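The structure follows.
What you see is a predicted model, and the numbers here were worked out from it, not measured in a lab.
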Amino acid sequence: MIFNRFSGKCCKSVRAWYVKGEKNNSWDNHESDFGYYKLQKGTVNRKAHYISTDGDIAIWYYRTKKGTGTWGVGQVKNKGTNRVSFYVRSTDDCPTEPTYDWRYSDQYSNWRDADKGFTIFCKD
């Protein structure tokens, strides 16, 4: 783990994945968001951030218009914004908590619970 005064103790490497036997529609809609991510230097909105091993997808923290703390997963070009394919409401310093509260945008652009079909695990 790395300690940063803004991001707390976060894993150097995480995996966005599903619980064995729980793959669901979130995979069908956002397969490219699943995989391994590396902790990056610096912060985004004063918290840790990660980039996927292929360099296309990021995990970052942002606040909604209502000021709610949120972790999101989406394209690197949208890092720091609320343009995400997955999100979880959380003020935790790292994206690994809470575990099974993530939501995703389905094929109709509706937000649905990912349940055990998507979470972020430490891989240090």
Side-chain angles (χ1 to χ4, degrees):
M1 292 194 179
I2 284 188
F3 181 77
N4 174 302
R5 72 177 230 225
F6 295 118
S7 63
K9 292 182 179 180
C10 293
C11 303
K12 293 178 188 175
S13 178
V14 297
R15 185 180 190 196
W17 208 247
Y18 53 88
V19 173
K20 186 176 181 177
E22 298 288 337
K23 186 191 299 184
N24 60 25
N25 191 43
S26 64
W27 171 274
D28 299 332
N29 284 277
H30 303 289
E31 182 178 347
S32 64
D33 293 358
F34 287 76
Y36 293 93
Y37 293 76
K38 294 284 184 194
L39 182 66
Q40 303 297 300
K41 291 182 180 183
T43 62
V44 172
N45 297 319
R46 299 179 63 97
K47 302 243 185 200
H49 69 288
Y50 294 80
I51 303 285
S52 61
T53 54
D54 66 8
D56 294 336
I57 308 296
I59 301 168
W60 67 86
Y61 183 81
Y62 65 95
R63 291 200 172 272
T64 65
K65 291 178 183 174
K66 295 179 180 179
T68 305
T70 308
W71 281 97
V73 178
Q75 295 179 354
V76 168
K77 69 181 181 181
N78 295 324
K79 189 169 56 171
T81 74
N82 66 351
R83 295 198 55 183
V84 296
S85 47
F86 288 92
Y87 78 87
V88 64
R89 301 236 190 270
S90 171
T91 57
D92 200 84
D93 286 336
C94 308
T96 50
E97 295 292 332
T99 309
Y100 302 119
D101 293 341
W102 288 87
R103 303 197 78 202
Y104 72 98
S105 175
D106 70 11
Q107 63 270 31
Y108 307 108
S109 297
N110 296 314
W111 289 103
R112 296 180 53 178
D113 293 337
D115 298 315
K116 293 182 180 177
F118 183 87
T119 193
I120 297 179
F121 303 99
C122 281
K123 292 307 291 178
D124 287 348

#### Entry: Among K79, K47, Q40, the one residue meeting side chain to side chain contact (heavy atoms under 4.5 Å, CB included) with W60
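Checked K79, K47, Q40 against W60; only one passes side chain to side chain contact (heavy atoms under 4.5 Å, CB included): K79.
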
### Query
How would you list all residue pairs meeting salt bridge (Lys or Arg N to Asp or Glu O under 4.0 Å) that involve residues 60-70, not counting sequence neighbours?
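Non-adjacent pairs meeting salt bridge (Lys or Arg N to Asp or Glu O under 4.0 Å): zero.
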
### Minimal non-hydrogen separation, V44 against G80, with atom names
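Here V44 and G80 meet closest at CG1-CA, 3.6 Å.
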
### Task
Ignoring hydrogens and angles, tell me if any N or O in the side chain of N82 forms a donor-acceptor pair with the backbone of T64 under 3.5 Å.
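The answer is no, because no donor-acceptor pair under 3.5 Å joins these two groups.
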
#### Entry: From CA spacing to verdict: side chain to side chain contact (heavy atoms under 4.5 Å, CB included), Y62, V84
CA-CA 10 Å; Y62 65 95; V84 296; 3.7 Å; yes

### Task
Compare all side-chain heavy atoms of F118 with those of Y18 and state whether any distance is below 4.5 angstrom.
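No; the side chains remain at least 4.5 Å from each other.
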
### Query
Taking all atoms of both residues into account, what is the closest heavy-atom pair of T99 and E97, and its distance?
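So the two residues come closest at OG1-OE1, 4.0 Å.
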
### Task
Drop me the distance from S32's OG to D54's CG, to the nearest 0.5 angstrom.
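Here the interatomic distance stands at 8.0 Å.
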
### Query
Hey, does the side chain of R103 reach the backbone of W111 with a donor-acceptor pair shorter than 3.5 angstrom?
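Judged by distance alone, yes, a pair lies under 3.5 Å.
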
#### Entry: V88, T119, D115 screened by side chain to side chain contact (heavy atoms under 4.5 Å, CB included) with Y100, the one that passes
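That would be T119; it is the only one of V88, T119, D115 passing the side chain to side chain contact (heavy atoms under 4.5 Å, CB included) with Y100.
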
### Query
So, Y50 side chain and C11 main chain: donor-acceptor pair closer than 3.5 Å or not?
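Flag set: sc Y50 to bb C11 pair under 3.5 Å.
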
### Message
Return the NE2 to SG distance between H49 and C10, rounded to the nearest 0.5 Å.
### Response
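One finds 11.5 Å between NE2 of H49 and SG of C10.
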
### Query
When you measure from the side chain of N24 to the backbone N and O of A114, does any donor-acceptor pair fall under 3.5 Å?
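Judged by distance alone, yes, a pair lies under 3.5 Å.
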
### Message
To the closest 0.5 Å, what do you measure between CD1 (I57) and CG (N78)?
### Response
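The CG atom of N78 is 9.5 Å from CD1 of I57, to the nearest 0.5 Å.
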
### Query
Roughly how far apart are S105 OG and Y87 OH, rounded to 0.5 Å?
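Reported to 0.5 Å precision, the distance equals 10.0 Å.
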
### Message
As an exercise, state the distance from OG1 of T96 to CG of D92, rounded to the nearest 0.5 Å.
### Response
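Between T96 OG1 and D92 CG, I get 6.5 Å after rounding to 0.5 Å.
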
### Query
According to a 4.5 Å side-chain heavy-atom criterion applied to Ile, Leu, Val, Met, Phe, Trp and Tyr, with indirect links allowed, do Y61 and L39 form part of one hydrophobic cluster?
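Yes; tracing contacts between hydrophobic side chains, which count when under 4.5 Å, links both residues.
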
### Message
Side-chain heavy atoms nearer than 4.5 Å, only ILVMFWY residues, links allowed to pass through others: does that put W17 and I120 together?
### Response
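Same cluster.
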
### Query
Any donor and acceptor pair, going by atom type alone, linking the side chain of T91 with main-chain N or O of G69 inside 3.5 Å?
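It does not hold such a pair.
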
### Task
Taking the side chain as every heavy atom from C-beta outward, state whether V14 and K123 have any pair of such atoms under 4.5 Å apart.
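Answer no - side chains too far apart.
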
### Query
Are W27 and F34 close enough that their ring centres sit under 6.0 Å apart?
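Between F34 and W27, which both carry aromatic rings, the centre distance is below 6.0 Å.
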
### Query
Where do Y104 and N25 land on the side chain to side chain donor-acceptor pair (under 3.5 Å) test, with the steps shown first?
CA-CA 9 Å; Y104 72 98; N25 191 43; 3.2 Å; yes

### Check: S26 and R112 side chains under 4.5 Å, non-hydrogen atoms
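Of all side-chain heavy-atom pairs linking S26 with R112, none is under 4.5 Å.
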
### Message
Counting C-beta onward and ignoring hydrogens, is there a side-chain heavy-atom pair between Y37 and V73 closer than 4.5 Å?
### Response
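The answer is yes, as the side chains (C-beta and beyond) meet within the 4.5 Å cut-off.
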
### Message
For V76 versus G55, what's the shortest heavy-atom pair and its separation?
### Response
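Answer, listing the atom of V76 first, then G55: CG2-O, 3.3 Å.
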
### Query
Distance-only, no hydrogens or angles: does the H30 side chain make a donor-acceptor pair with backbone N or O of G74 under 3.5 Å?
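It does not hold such a pair.
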
### Pair Y36-K38, side chain to side chain contact (heavy atoms under 4.5 Å, CB included): steps then yes or no
CA-CA 7 Å; Y36 293 93; K38 294 284 184 194; over 6 Å; no

